[in-house]
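First comes the structure, then the notes that go with it.
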Amino acid sequence: MADHRYDPKQIEPRWQQVWADERTWHVGNDDVPGERSYVLEMLPYPSGEPHIGHLKVYSVGDAVAHFHRRTGRRVLHPMGYDAFGLPAENHAIRTGQHPRDSTNASIEQFQRQFREWGISIDWDREFGTHEPRYYRWTQWIFLKLFEAGLAYRKEAAVKWCPNDQTVLANEQVVDGRCERCGHEVEVRQLEQWFFRITDYADRLLDDLETIDWPANVKTMQRNWIGRSEGAEVVFRCEDLQIDYPVFTTRPDTLFGATFFVMAPEHPDVLRLVEGTDRADEVHRYVNHALNESNQERGAADKPKTGVFLGRHVTNPVNGERLPMYVADYVLMEYGTGAIMAVPGHDDRDFAFAQAHDLPVRRVIEGGDGELPYLGDGPLTDSAPEFDGMGNREALGAIVDWLAGEGKGRPSVNYRLRDWLLSRQRYWGCPIPIVKCERCGLVPVPEADLPVVLPDISDYAPRGRSPLAAAEDWVAVACPSCGEPARRETDTMDTFVDSSWYFLRYCDARNDEAAWDPAVLAEWMPVDQYIGGVEHAILHLLYARFFVKALKDLGYLGVDEPFARLFTQGMITKDGAKMSKSKGNVVSPQAIVERYGADTARAYILFIGPPEHAADWSDEGVEGVHRFLARLWRLAAEAADGGQLPAGELTAPSGLEGADLAVARKAAWAIDKVTRDMSGRFAFNTAIAAVMELTNEVSRLRDDAAPEVRRFALAVAASLLFPFAPHVSADAYSRLTGRRVWEEPWPQADPTLLERDVVQIVCQVNGKVRERVEAPADASSDELLALCRAAPNVQAHLDGREVVKEVVVPGKLVNVVAR
RNA sequence: GCCCGGGUGGUGGAACGGUAGACACGGGGGCCUCAAAAGCCCCUGCUCCUCGCGAGCGUGCGGGUUCGAGUCCCGCCCCGGGUACCA
């Protein structure tokens with residue numbers, strides 16, 4: 001007999017070769033009828049080599065893709081690279097190596113490893129976002145958004161990272177620090193490019209209802225958009241004849257306002273005190289507040305500081321004069337940069353009032369008498385027509401009254417800001433705009449796209465894009481008037497590149513257009529999107545915005561890019577995030593080298609539910625490897641004696657004893673794995689079921705029927721294929737002479753799923769006292785009789801009165817006794 | 001503070017309101033072998049005893065609903081993540 005040693009180094013390259021030679025995973029855009037499925041994992045940023053997180057996300061995605069294919073769908077499962085970005089550029093600054101070269105080298109690493117992992121990718125659709133044939137269309141989309149007024153330039157207070165020497169979008173500032181490098185960000189007043197994502201705030205919010213995403217991701221997006229309903233109320237400063245609107249969610253508390261506060265950045269603060277004796281003090285305060293870091297200023301528990309402006313505004317509901325303050329707890333970015341302060345019913349206003357000896361007034365009854373009171377209740381001490389009215393009802397009534405007087409109106413405010421997309425860096429997609437002194441901002445004509453990123457020698461950022469130094473490139477004739485003009489030298493945020501790549505995959509080789517809308521209609525939306533929860537706000541919000549905007553412009557027909565989202569948990573080592581500095585990095589390449597790709601993939605899916613974080617265990621890998629080796633060896637040995645007959649994979653007939661039990665186990669495994677893969681991604685229990693089946697086969701005695709052994713092993717291999725494709729393909733091929741990926745998903749024979757004898761649990765007062773065998777179709781009375789006859793049940797019923805009997809057919813009998 | 005997750009053996013984890021701990025790791029014992037590796041077999045939640053087809057306890061804590069609760073409800077504690085002066 002041949003030497004049957006499981007050797008992934010032999011098996012894996014052989015099948016990879018077949019898949020590459022035959023372009024097995026390619027799917028055309030041909031108008032073939034039948035169900036389609038678009039399975040997509042978030043595209044990788046190619047830096048160095050793939051890490052363990054990549055192994056996980058593509059193992060999960062590949063399992064889904066294979067399952068969809070085997071259950072009769074045409075599956076689009078492409079791959080690409082998010083290839084622009086700062087790490088490559090910073091590397092270039094240190095070494096002088098062109099970012100394109102280091103990026104392409106990384107991409108080759110990724111390609112090689114994806115092939116070695118056996119991921120079923122349609123390589124014919126591959127691209128990197130840094131390739132002109134791709135970013136040509138990124139620029140085209142930018143122009144379409146520009147034409148529609150959705151991309152615009154404005155001067156604003158923006159977040160600046162002094163380390164990366166570029167501006168950042170709000171989403172890229174985490175705890176006052178740069179999301180990428182961790183450096184504390186500053187605020188600068190600069191003119192920048194923005195996308196008008198705030199126009200879509202309501203739709204981005206409302207359409208969350210229509211997509212099947214994890215609740216926590218939806219919640220994070222809702223919070224980020226931060227819609228609040230309330231009213232805009234106008235407070236007039238009579239001294240200077242200026243109206244100051246404020247946004248409030250609590251117009252019901254208007255009668256409790258006792259002072260008025262402006263943000264230090266508010267443009268009118270200095271004007272209000274000009275030439276007064278308060279000017280010096282206010283100047284000092286504002287300067288101090290502006291120089292304070294975001295971190296310090298952002299702390300909610302910080303004492304409430306502020307300065308009186310020496311001016312007053314009039315409360316529109318009762319004509320009271322309220323003192324005006326400047327205080328850093330009011331933010332310029334939100335609302336109008338000014339607030340009415342109601343210390344009786346707001347924590348922060350209360351804290352400020354305490355610190356500055358301002359009156360606190362109760363206008364809503366309730367609570368235990370303590371102020372501030374944040375709950376609901378009837379109005380008091382407000383106005384005769386509102387007193388006694390529930391505050392929720394009063395809220396509307398007061399807004400109506402204000403609207404009638406022209407002093408306010410219902411209003412909605414969002415936390416979401418427009419997306420700042422320009423970056424003062426080199427390695428990104430050039431913004432296709434020419435700045436002409438005469439014509440202003442002129443779009444580059446579509447026929448001239450792409451605006452190709454020029455090669456430069458000095459990548460160092462100096463507060464402006466390194467592109468600004470490429471004089472030959474910058475100097476250009478204005479497309480509109482022909483006079484000398486200059487190119488926009490900022491590049492786009494790399495999140496722009498990844499906001500539409502899933503559209504390009506559908507029609508990746510189209511040189512005439514970004515895509516053919518008819519082709520897009522065949523594939524979009526993505527049926528199953530898979531990635532890390534760290535993109536819950538950034539990428540996933542931006543991509544949704546792009547799809548909605550492009551739909552409005554008539555280029556596609558869907559409202560949402562990703563119908564179903566799955567977020568996988570992190571892989572840790574020794575309970576901690578893997579990092580070079582901790583020295584706890586597990587390299588996928590080392591694992592694949594040692595155990596093979598199948599072991600690495602199957603282990604990462606077996607370790608636990610894929611949505612949970614999981615800790616890597618070297619011993620656990622060994623266990624999965626042993627399992628694959630055992631399955632393969634059993635299959636190879638069983639195939640020595642012959643193959644299964646051609647045709648459908650069905651159990652031999654006329655089985656009995658252990659042979660029948662194995663056939664039943666196979667049917668059970670088919671059913672179990674199918675269920676685990678259908679509704680949820682319970683890969684861990686699916687693999688456990690195949691393990692159980694394999695264990696049962698390995699316990700068969702030598703005189704077992706060879707066909708049932710082959711059948712059960714072929715079922716095991718077939719079910720395992722989505723998780724460990726090479727070893728499964730190899731085992732299946734030996735057992736059947738056929739290619740498992742061309743086989744339909746196995747069907748469980750219903751007659752084998754049924755049992756004629758079942759085990760019945762006998763309980764007395766809810767405690768298990770005995771287990772008995774009973775015919776599966778036994779009646780309740782029969783089951784009851786069987787259980788009451790059981791010795792241990794009788795022992796526990798001895799001398800007691802039976803008060804109730806519960807029978808769950810096929811399962812259990814519970815006798816309740818006193 | 002608020003919003004999500006999550007607390008089950010030595011470990012990762014299983015369990016439509018119905019046998020808690022599938023599967024795997026680790027551990028113990030055995031077979032094979034000159035020996036080892038590999039492989040195979042058995043045992044493995046805790047406690048007690050009369051050692052059995054035994055009894056009791058056991059899913060973070062305290063209550064509740066139910067014939068029956070890891071699972072549902074109420075009140076807490078702890079851990080992880082997100083978010084935070086957003087008016």
Side-chain angles (χ1 to χ4, degrees), chain A residues 5-6 174-175 214-220 222-224 226-228 230 246-250 253 261 263 297-302 304 327-331 333-342 345-349 351-352 413-416 533-534 536-537 569-570 572 575 603 606-609 611-624 626-627 629-630 633 672 675 682 684-692 694-695 698-699 759-772 790-792 795-796 803-808 810-817:
Chain A
R5 198 173 57 85
Y6 171 55
V174 179
D175 287 341
N216 61 330
V217 176
K218 288 189 181 185
T219 303
M220 283 162 75
R222 275 192 201 104
N223 291 343
W224 187 263
R227 181 189 156 104
S228 3
V246 302
F247 174 74
T248 177
T249 55
R250 297 295 305 276
T253 63
V261 192
R297 192 175 152 184
D301 51 358
K302 178 188 137 162
K304 296 276 181 288
D328 66 0
Y329 81 94
V330 174
L331 308 175
E333 308 94 86
Y334 191 79
T336 61
I339 62 157
M340 66 169 198
V342 184
H345 303 284
D346 182 280
D347 286 331
R348 299 151 302 177
D349 297 343
F352 189 86
N413 232 286
Y414 301 89
R415 206 184 93 107
L416 182 70
V533 72
E534 65 272 18
I537 305 173
M570 208 173 34
T572 57
Y603 170 65
F606 180 67
I607 194 168
E611 64 273 26
H612 289 174
D615 204 56
W616 183 273
S617 144
D618 292 332
E619 294 79 19
V621 180
E622 295 271 2
V624 170
R626 277 200 288 270
F627 157 64
R630 187 160 65 245
R633 184 166 37 75
K672 171 77 176 153
R675 278 185 288 117
N684 54 332
T685 50
I687 293 170
V690 182
M691 286 176 171
E692 285 193 54
T694 308
N695 289 344
S698 82
R699 276 193 287 266
Q759 194 181 56
I760 300 295
V761 171
C762 308
Q763 296 181 334
V764 177
N765 290 338
K767 282 190 165 45
V768 180
R769 295 303 178 189
E770 193 101 35
R771 298 173 177 88
V772 297
N792 204 32
H796 281 89
V803 293
K804 185 167 185 171
E805 291 159 332
V806 181
V807 180
V808 183
K811 276 244 155 121
L812 133 166
V813 171
N814 186 16
V815 181
V816 185

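This structure is a prediction, so every number in the text was calculated from the model and none was measured.
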- Among all residues two or more places apart in sequence or in another chain, which pass the side-chain contact (heavy atoms from CB on, under 4.5 Å) test with Asn223(A)? Thr219(A)
- Message: Counting primed atoms plus P, OP1 and OP2 as sugar-phosphate and everything else as base, spell out the protein contacts along nucleotides 28-33 of chain B at 4.0 Å heavy-atom distance: B, S or - for each nucleotide, 5' to 3'.
- Response: ------
- For Glu611(A), which residues count as a side-chain hydrogen bond (donor to acceptor under 3.5 Å, both in side chains) partner, sequence neighbours excluded? none
- Query: Starting at the 5' end of RNA chain B, which residue's closest nucleotide do you reach first, Ile537(A) or His796(A)?
  - Reply: His796(A)
- Item | Interatomic distance, Met691(A) CE vs A24(B) P [rounded to whole Å] | 6 Å
- Item | Rounded interatomic separation in angstrom, taking CG from Asn216(A) and P from U83(B) | 12 Å
- Note on the structure: Here the distance between atom C1' of C4(B) and atom CZ of Arg222(A), to the nearest Å, is 12 Å
- Item | Which residues share a side-chain hydrogen bond (donor to acceptor under 3.5 Å, both in side chains) with Glu805(A), sequence neighbours left out | Arg788(A)
- Message: Going by side-chain contact (heavy atoms from CB on, under 4.5 Å), name the residues that satisfy it together with Lys811(A), two or more places apart in sequence or in a different chain.
- Response: Val808(A)
- Ser698(A) meets the side-chain hydrogen bond (donor to acceptor under 3.5 Å, both in side chains) criterion, sequence neighbours left out, with none
Interface polar pairs with nucleotides 38-40 of chain B, N/O, under 3.5 angstrom:
residue : atom : partner   : partner atom : Å
G39(B)  : O3'  : Arg633(A) : NH2          : 3.4

Strictly under 3.5 Å: I want the nitrogen or oxygen pairs between protein and nucleotides 12-21 of chain B, one per line.
residue : atom : partner   : partner atom : Å
G12(B)  : O2'  : Ile607(A) : O            : 2.8
G13(B)  : O3'  : Asn684(A) : ND2          : 3.4
A14(B)  : OP1  : Asn684(A) : ND2          : 3.1
A15(B)  : OP1  : Arg680(A) : NH2          : 3.4
U19(B)  : O2   : Arg771(A) : NE           : 2.5
U19(B)  : O2   : Arg771(A) : NH2          : 2.9
U19(B)  : N3   : Gln759(A) : OE1          : 3.3
U19(B)  : O4   : Gln759(A) : OE1          : 3.1

- 5'-most by nearest nucleotide on RNA chain B - Glu692(A) or Asn765(A): Glu692(A)
- Query: Partners of Ala682(A) by side-chain contact (heavy atoms from CB on, under 4.5 Å), sequence neighbours excluded?
  - Reply: Asp676(A), Arg680(A), Asn684(A), Thr685(A)
- Note on the structure: Residue set satisfying salt bridge (charged side-chain N to carboxylate O under 4.0 Å, His left out) with Arg626(A), at least two apart, ordered chain then number -> none
- Here RNA chain B, pairs taken as Watson-Crick or G-U under 3.5 Å and shown with ( ), [ ] when crossing and | when to another strand, reads (((((((..(((.....[....)))((((((.......))))))(((((..).))))..(((((..]....))))))))))))....
- Item | For Ile607(A), side-chain contact (heavy atoms from CB on, under 4.5 Å) partners two or more places apart | Tyr603(A), Ala614(A)
